[in-house]
Amino acid sequence: MRVGFLTLGCKVNSYETEKMKAQFEEAGHTIVAFTEQADVYVINTCTVTNIADRKSRKMLHRARRANPKAIVVAAGCYVDSAKKKGEVDEVIDLFITNAEKPRLVEKVLAAKEQKDASGLREITESGGGNQSMEQVLDRKHTRAYLKVQDGCNQYCTYCIIPYVRGPLKSKTEEEAAGEVEALAAAGIHEVVVTGIHLSSYGVDFTEKKSFLELEGKPLLLLLKRIAQTDGIDRIRLGSLEPRIITEEFTKELSEIPKICPHFHLSLQSGCDETLSRMNRHYTAKEYLDKLAILRKYFDYPAITTDIIVGFPQETEEEFYTTLSFAKKAGFAKIHVFKYSRRQGTMADAMEGQLEEGIKAERSDILLNTGKDLEKIYQKNFLEKEEDVLFEEITEIQGKNYLVGYNERYVRIGVPAAELENAEKMCNTTCRVHISGWITDGILHGKWF
Ligand code: SF4
């Protein structure tokens with residue numbers, strides 16, 4: 001069968017999609033682009049906001065239109081949430097909850113048999129080689145996601161995840177180390193260690209109630225173990241909860257080889273009143289203190305973040321407090337989200353929902369500030385030498401560049417024409433001299 005995948009939402013979903021693709025390839029099926037004609041379409045959905053829900057439904061309908069005879073599979077968070085609400089959609093042949101993802105192939109084959117038996121459809125094309133796990137990973141990656149934790153018990157008021165992802169569950173060190181070995185054997189050089197609430201890694205192994213009591217120790221042990229894997233040169237961390245950053249934790253983290261000095265600490269708001277309505281358990285001042293700790297133990301680390309604008313009752317003054325906080329924090333990159341109501345969350349029931357126009361205006365202002373901050377951060381690299389793990393050849397403004405990332409997740413490109421065989425340089429790390437920008441956000445590197 002030809003199977004097309006589409007991933008919506010977070011890095012955990014991307015990771016799980018790769019695992020599902022590998023299941024199909026190991027069973028002898030062919031993975032095709034989502035835009036191609038396929039026998040099975042799997043949409044790994046997201047339900048973080050009402051907009052995410054809508055997008056999930058839209059993509060499921062698009063798949064059905066692409067091939068009316070295909071098996072259309074809705075997988076992931078939207079399914080968990082829709083099941084709870086008893087929602088149905090006639091375009092979907094198969095619902096796969098997060099817990100059922102490891103049994104996807106088996107369930108799709110059963111659904112196909114049932115559908116064939118009912119005479120409603122026929123599989124248009126069969127076959128596909130017997131590609132190995134290595135080939136799946138090798139196909140386009142130099143970097144792979146390693147999901148080590150699922151579930152969240154933080155209950156931010158805007159987020160549905162704790163209701164749909166279930167309780168905290170962590171992979172054992174053994175399991176995670178085995179996966180990293182496989183990734184390294186497949187030629188991967190960089191792993192991004194992720195989880196729904198990564199800071200809670202290991203809480204479920206103990207009697208402790210929260211990650212704060214554990215002081216990040218299980219995560220540190222896990223990272224030390226991953227760092228021992230030959231072939232893995234870089235370990236990048238997924239989103240961390242700011243409160244895990246303490247002197248002890250950061251000092252120990254800085255002593256682990258291969259850790260990239262790039263930290264994504266979700267801020268969501270730089271205003272204490274808004275943070276409190278969001279049920280985020282830190283103040284703006286406490287967050288700044290965490291950044292100072294990171295900057296003490298790492299050289300100009302890249303601090304990236306998420307900020308929500310237009311949260312219920314956010315006044316203009318509150319928004320400008322967040323804006324000036326962002327400047328003070330000196331973020332390397334800001335992911336800006338316009339608040340989107342999510343049914344079933346506490347924030348959805350709050351009074352003082354803002355108009356979309358106000359949210360859009362605030363989003364534009366913060367996005368512009370984010371771009372300025374990114375440029376300021378990137379100036380740190382001008383006229384310096386940087387190690388770049390090259391990923392792909394991309395056309396930028398009509399010219400081909402070999403592009404990749406440095407340890408601090410800054411995108412850097414070298415003109416492909418300057419290289420004898422640029423293709424062969426993908427998935428290798430080379431030192432380049434930074435001479436300026438190719439375009440906003442992408443630095444220009446020169447061979448020397
Ligand atoms: S920490 Fe908050 S935003 Fe993140 S998954 Fe948990 S509840 Fe959602």
Side-chain angles (χ1 to χ4, degrees), residues 7-16 44-53 56 76-81 84 97-99 145 147-171 192-204 208-214 216 219 237-245 263-272 274-284 286-287 290 304-312 314 322 334-350:
T7 309
L8 301 170
C10 63
K11 285 177 179 167
V12 169
N13 255 12
S14 301
Y15 167 86
E16 290 176 349
N44 198 4
T45 60
C46 174
T47 188
V48 74
T49 62
N50 283 356
I51 290 176
D53 262 5
S56 298
C77 289
Y78 167 68
V79 175
D80 291 77
S81 128
K84 276 182 191 155
T97 63
N98 283 309
Y145 295 108
K147 181 188 153 195
V148 297
Q149 181 276 340
D150 209 338
C152 178
N153 57 11
Q154 298 300 303
Y155 293 92
C156 300
T157 56
Y158 52 82
C159 184
I160 196 76
I161 296 294
Y163 306 97
V164 299
R165 274 268 169 186
L168 298 179
K169 186 158 177 20
S170 309
K171 251 175 213 161
V192 187
V193 181
T194 66
I196 292 290
H197 191 253
L198 181 59
S199 302
S200 287
Y201 175 78
V203 171
D204 47 316
K208 305 262 193 261
K209 294 276 182 292
S210 104
F211 72 96
L212 291 172
E213 293 177 70
L214 286 169
L219 183 58
L237 292 176
S239 185
L240 287 176
E241 150 89 53
R243 290 177 295 163
I244 199 172
I245 305 296
F263 303 99
H264 187 86
L265 260 56
S266 286
L267 171 68
Q268 309 303 12
S269 172
C271 162
D272 290 345
T274 316
L275 284 170
S276 161
R277 289 199 302 282
M278 289 175 165
N279 195 32
R280 302 286 289 181
H281 303 279
Y282 50 84
T283 64
E286 282 161 353
Y287 184 101
K290 305 299 184 188
T304 56
T305 199
D306 300 328
I307 298 181
I308 297 173
V309 294
F311 191 73
E314 184 188 65
T322 293
I334 305 175
H335 300 272
V336 180
F337 297 91
K338 284 178 271 182
Y339 169 71
S340 163
R341 296 176 79 161
R342 184 68 192 79
Q343 222 178 1
T345 61
M346 284 167 69
D348 182 47
M350 283 180 186

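Numbering of residues begins at 1 and proceeds along the displayed sequence. What you see below is based on every heavy atom in this structure, not just the backbone, and it leaves out hydrogens, waters and symmetry mates. Counting starts at 1 for both ligands and their atoms, in listed order.
For His197, every heavy-atom contact with ligand 1 shorter than 4.0 Å involves the side chain, none the backbone. With a heavy-atom cut-off of 4.0 Å, Cys156 touches ligand 1 through backbone and side chain alike.
Interface atoms of ligand 1 facing Tyr155, defined by a heavy-atom separation under 4.0 Å, are 7 (S). In the vicinity of Tyr158, heavy-atom distances shorter than 4.0 Å reach the ligand 1 atoms 3 (S).
Judged by the shortest distance from any of its heavy atoms, Arg280 lies inside the 4.0 Å radius around the atoms of ligand 1.
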Pair Asp348, Arg341 - check salt bridge (charged side-chain N to carboxylate O under 4.0 Å, His left out), show working.
CA-CA 5 Å; Asp348 182 47; Arg341 296 176 79 161; 2.8 Å; yes

Is there a side-chain contact (heavy atoms from CB on, under 4.5 Å) between Met278 and Ser269 once you walk through the steps?
CA-CA 9 Å; Met278 289 175 165; Ser269 172; 4.1 Å; yes

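For the pairing with His264, the side-chain hydrogen bond (donor to acceptor under 3.5 Å, both in side chains) check across Thr305, Asp306, Thr194 returns one residue only, Asp306. Exactly one of Leu8, Val192, Thr7 qualifies for a side-chain contact (heavy atoms from CB on, under 4.5 Å) with Ser14. That residue is Thr7.
The aromatic rings of Tyr339 and Phe311 stand perpendicular to each other, their planes meeting at an angle above 60°, with 30° marking the opposite boundary.
If you check each of Pro162, Ser200, Cys152, Gly195 against atom 5 (S) of ligand 1, the one with the closest non-hydrogen atom is Cys152.
Contact detail for Ile196 and Asp150: the closest heavy-atom pair is CG1-OD1, 3.3 Å.
For a distance bound of 2.8 Å, the N, O or S atoms of Cys159 include one lying that close to atom 8 (Fe) of ligand 1.
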